[in-house]
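Have a look at the structure below before the remarks.
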Amino acid sequence: MSIAPYIKEIGRGKEGARSLSIEQAEDLMAQVLDGRVSDLEVGAFAMAMRIKGESTEELLGFLRAVHQRCLPISPEGPAVILPSYNGARKLPNLTALLALLLAQNGTPVLVHGPSNDPGRVTTAFVFRDLGLPIAHSAEDVLHGWARREPVFMATETLCPPLARLLDVRWVIGLRNPGHTVAKLLDPTLGGRSLRVINHTHPEYGTALTAFLQRAGASAMLLRGTEGEPIADPRRSPRLDVFLRGEWRADLSAPAQEGVLTELPVLPRSIDAATTAVYIQSVVSGEKPAPGPLTRQVDSLHRAVQALAGAAVHELTA
């Protein structure tokens with residue numbers, strides 16, 4: 001079946017395009033992921049959505065199709081999911097540091113993203129230089145968690161069809177809905193996770209808030225650092241926590257106001273090896289963790305505890 005009828009709806013330009021229903025979006029994405037459409041149609045889909053932007057219903061449908069093709073992972077309790085799809089360009093990529101600080105207290109942490117990205121320092125490279133687990137199966141993830149270690153899984157392992165859609169970017173030069181969906185993935189069975197979802201522009205934050213509320217999702221939403229799901233080490237962003245789609249003021253935190261009186265000491269180079277040495281020095285206690293990351297870790301720990309408490313209450317009710 002062709003996706004031409006869907007492209008006709010979404011490809012009428014920014015003002016004339018119409019959004020798809022959840023079912024239509026799921027069908028469209030399923031055909032794209034399963035390779036049942038031509039390369040020309042995939043390119044048209046990517047371009048049309050780039051101009052129009054994704055609606056909440058479309059994101060729900062796209063994500064439903066992707067989840068059906070993901071490797072399922074079943075943690076015993078709430079896990080933190082860190083999507084890492086941008087890497088470092090100017091600042092050190094500290095996603096692995098956030099993962100380690102969370103795992104130190106026994107929180108299962110799964111980081112997923114590309115294994116390589118030309119011109120950027122990926123979290124996969126930092127994990128490798130830290131000697132942290134790179135998972136190739138659901139069993140690898142569980143074994144890493146049993147050792148109280150954060151685990152990285154490449155997108156091509158977690159969801160090969162999605163990885164292929166992400167690679168379209170290298171052909172047409174633009175991101176597509178696959179990149180948005182990748183940051184919303186929850187591969188845990190039953191949705192027993194807390195996703196850390198970052199945005200780069202305020203309007204995306206508004207759209208993602210609507211998605212989380214409609215999806216009934218548990219997540220932390222923040223303006224990330226260079227597209228990574230971490231608080232800027234130089235200034236604390238606003239942290240919005242949602243549990244089952246409900247915004248929780250008691251778990252959220254406002255943005256830091258004013259001017260910093262002291263900047264954190266960060267490595268001068270952003271390469272993976274230097275970043276790994278810095279992260280090890282922070283985890284060992286030799287150097288202090290940047291304040292914004294400590295604040296983010298505390299908020300995530302409290303959110304995970306609240307999520308676990310809500311799950312226990314449901315089981316005993």
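- Under a hydrophobic clustering in which Ile, Leu, Val, Met, Phe, Trp and Tyr are joined whenever their side-chain heavy atoms come within less than 4.5 Å, directly or via other members, Ile51 and Ile10 fall into different clusters.
- Distance check: Asp298 CG to Asn105 CG gives 10.0 Å after rounding to the nearest 0.5 Å.
- With contacts defined as side-chain heavy-atom distances shorter than 4.5 Å, the pair Tyr6/Val32 does not qualify.
- Taking a cutoff of 4.0 Å between a charged side-chain nitrogen and a carboxylate oxygen, Arg69 and Asp34 qualify as a salt bridge.
- Taking each heavy atom of Ala276 and Val126 in turn, the nearest pair found is CB-O, 4.4 Å.
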Notebook entry, point to check: Between Lys90 and Ile270, is a side chain to side chain contact (heavy atoms under 4.5 Å, CB included) present by the stated rule, with each step listed?
Noted result: CA-CA 7 Å; Lys90 297 179 180 179; Ile270 66 168; over 6 Å; no
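- Nearest heavy-atom pair across Ala289 and Thr294 is CB-OG1, 3.6 Å.
- Side-chain contact between Ser236 and Gln296 is absent, with no heavy atoms from C-beta onward closer than 4.5 Å.
- Salt bridge Arg120/Glu228: absent, no basic N to carboxylate O contact under 4.0 Å.
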Next item on the list: Take Ile22 and Arg214 through the side chain to side chain contact (heavy atoms under 4.5 Å, CB included) test and state the conclusion after the steps.
Entry: CA-CA 12 Å; Ile22 295 175; Arg214 175 74 181 277; 3.8 Å; yes
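- Under the 3.5 Å distance criterion, with hydrogens and angles disregarded, no donor-acceptor pair is assigned to the side chains of Tyr204 and Thr180.
- Remark: side-chain polar atoms of His199 are not paired, donor with acceptor, to backbone N or O of Leu221 under 3.5 angstrom.
- No chain of hydrophobic side-chain contacts below 4.5 Å, direct or via other Ile, Leu, Val, Met, Phe, Trp or Tyr residues, connects Leu82 to Leu91.
- In this structure, CG on Leu166 lies 9.5 Å from CD on Glu156, to the nearest 0.5 angstrom.
- By the neighbour-count criterion of 12 heavy atoms within 6.0 Å, atom CZ of Arg147 is densely surrounded, having more than that number from other residues, nucleotides or ligands.
- Asp140 contributes no side-chain N or O that, together with a main-chain N or O of Ala135, makes up a donor-acceptor pair within less than 3.5 Å.
- Considering all non-hydrogen atoms of both residues, Ala303 and Leu194 come closest at CB-CD2, 3.7 Å.
- Here the side chain of Arg195 pairs no donor or acceptor atom with the backbone of Ala219 at under 3.5 angstrom.
- Taking each heavy atom of Ala231 and Leu293 in turn, the nearest pair found is O-CD1, 3.1 Å.
- For Asn116, the CG atom counts as densely surrounded, since its 6.0 Å shell holds more than 12 non-hydrogen atoms of other residues, nucleotides or ligands.
- At a threshold of 4.5 Å between non-hydrogen side-chain atoms, the residues Ser218 and Arg244 count as touching.
- The nearest pair of heavy atoms linking Met29 to Leu165 is SD-CD2, 3.8 Å.
- A distance of 10.0 Å separates CG in Leu63 from CD in Gln68, rounded to the nearest 0.5 Å.
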Next item on the list: Might you work through the side chain to side chain contact (heavy atoms under 4.5 Å, CB included) test for Lys52 and Ser19, ending with a clear yes or no?
Entry: CA-CA 9 Å; Lys52 186 185 83 66; Ser19 294; 3.2 Å; yes
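- From Leu98, atom CG reaches atom CG of Leu300 across 6.5 Å, with rounding to the nearest 0.5 Å.
- By the 4.5 Å heavy-atom criterion applied to side chains, Leu185 and Pro83 are not counted as neighbours.
- No continuous path of hydrophobic side-chain contacts links Ile230 to Val265 [ILVMFWY only; heavy atoms under 4.5 Å].
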Margin query: Apply side chain to side chain contact (heavy atoms under 4.5 Å, CB included) to residues Arg50 and Arg175 and explain how you reach the verdict.
Written below: CA-CA 7 Å; Arg50 178 71 175 184; Arg175 290 174 175 264; 3.7 Å; yes
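- Side-chain contact, Thr122 with Asp117: no donor N or O sits under 3.5 Å from an acceptor N or O.
- Between atom NE2 of residue His179 and atom CG of residue Leu162 there is a gap of 8.5 Å, rounded to the nearest 0.5 Å.
- With contacts defined as side-chain heavy-atom distances shorter than 4.5 Å, the pair Pro92/Tyr278 does not qualify.
- Here the side chain of Trp145 pairs no donor or acceptor atom with the backbone of Pro150 at under 3.5 angstrom.
- A distance-only check finds no donor-acceptor pair linking the side chain of Thr155 to the backbone of Ala163 [under 3.5 Å].
- Two different hydrophobic clusters hold Val282 and Phe125 under the rule that ILVMFWY side chains link at heavy-atom gaps under 4.5 Å.
- Looking at Arg192 and Glu76, no side-chain N of the basic residue comes within less than 4.0 Å of a carboxylate O on the acidic one, giving no salt bridge.
- Contact check for Val66 versus Cys159: side-chain heavy atoms found under the 4.5 Å cut-off.
- Between Phe45 and Phe62, the ring-plane angle classifies as perpendicular under the 30° and 60° cut-offs.
- The number of heavy-atom neighbours closer than 6.0 Å to CZ of Arg12, taken from other residues, nucleotides and ligands shown, is above 12.
- Remark: the backbone N or O of Ala103 is not paired with any side-chain donor or acceptor of Thr107 at under 3.5 angstrom.
- Two residues are said to be in side-chain contact when any heavy atoms from C-beta on lie closer than 4.5 Å; Arg302 and Arg248 fail this criterion.
- Under a hydrophobic clustering in which Ile, Leu, Val, Met, Phe, Trp and Tyr are joined whenever their side-chain heavy atoms come within less than 4.5 Å, directly or via other members, Ile7 and Val171 fall into the same cluster.
- Between the Ser299 side chain and the Arg295 main chain, no donor and acceptor come within less than 3.5 Å of each other.
- Donor-acceptor pairing under 3.5 Å is lacking for the side chains of Gln24 and Glu9.
- Asp232 places no side-chain N or O within 3.5 Å of a backbone atom of Thr225 that could act as its donor or acceptor partner.
- The shortest side-chain heavy-atom distance between Ile279 and Leu130 falls under the 4.5 Å cut-off.
- From Leu20, atom CG reaches atom CD of Glu57 across 10.0 Å, with rounding to the nearest 0.5 Å.
- In this structure, Arg223 contributes its side chain and Thr200 its backbone to a donor-acceptor pair below 3.5 Å.
- Shortest non-hydrogen contact noted between Leu97 and Pro290 is CD2-CD, 4.2 Å.
- Between the side chains of Thr95 and Asn93, a donor-acceptor pair is found at a separation under 3.5 Å.
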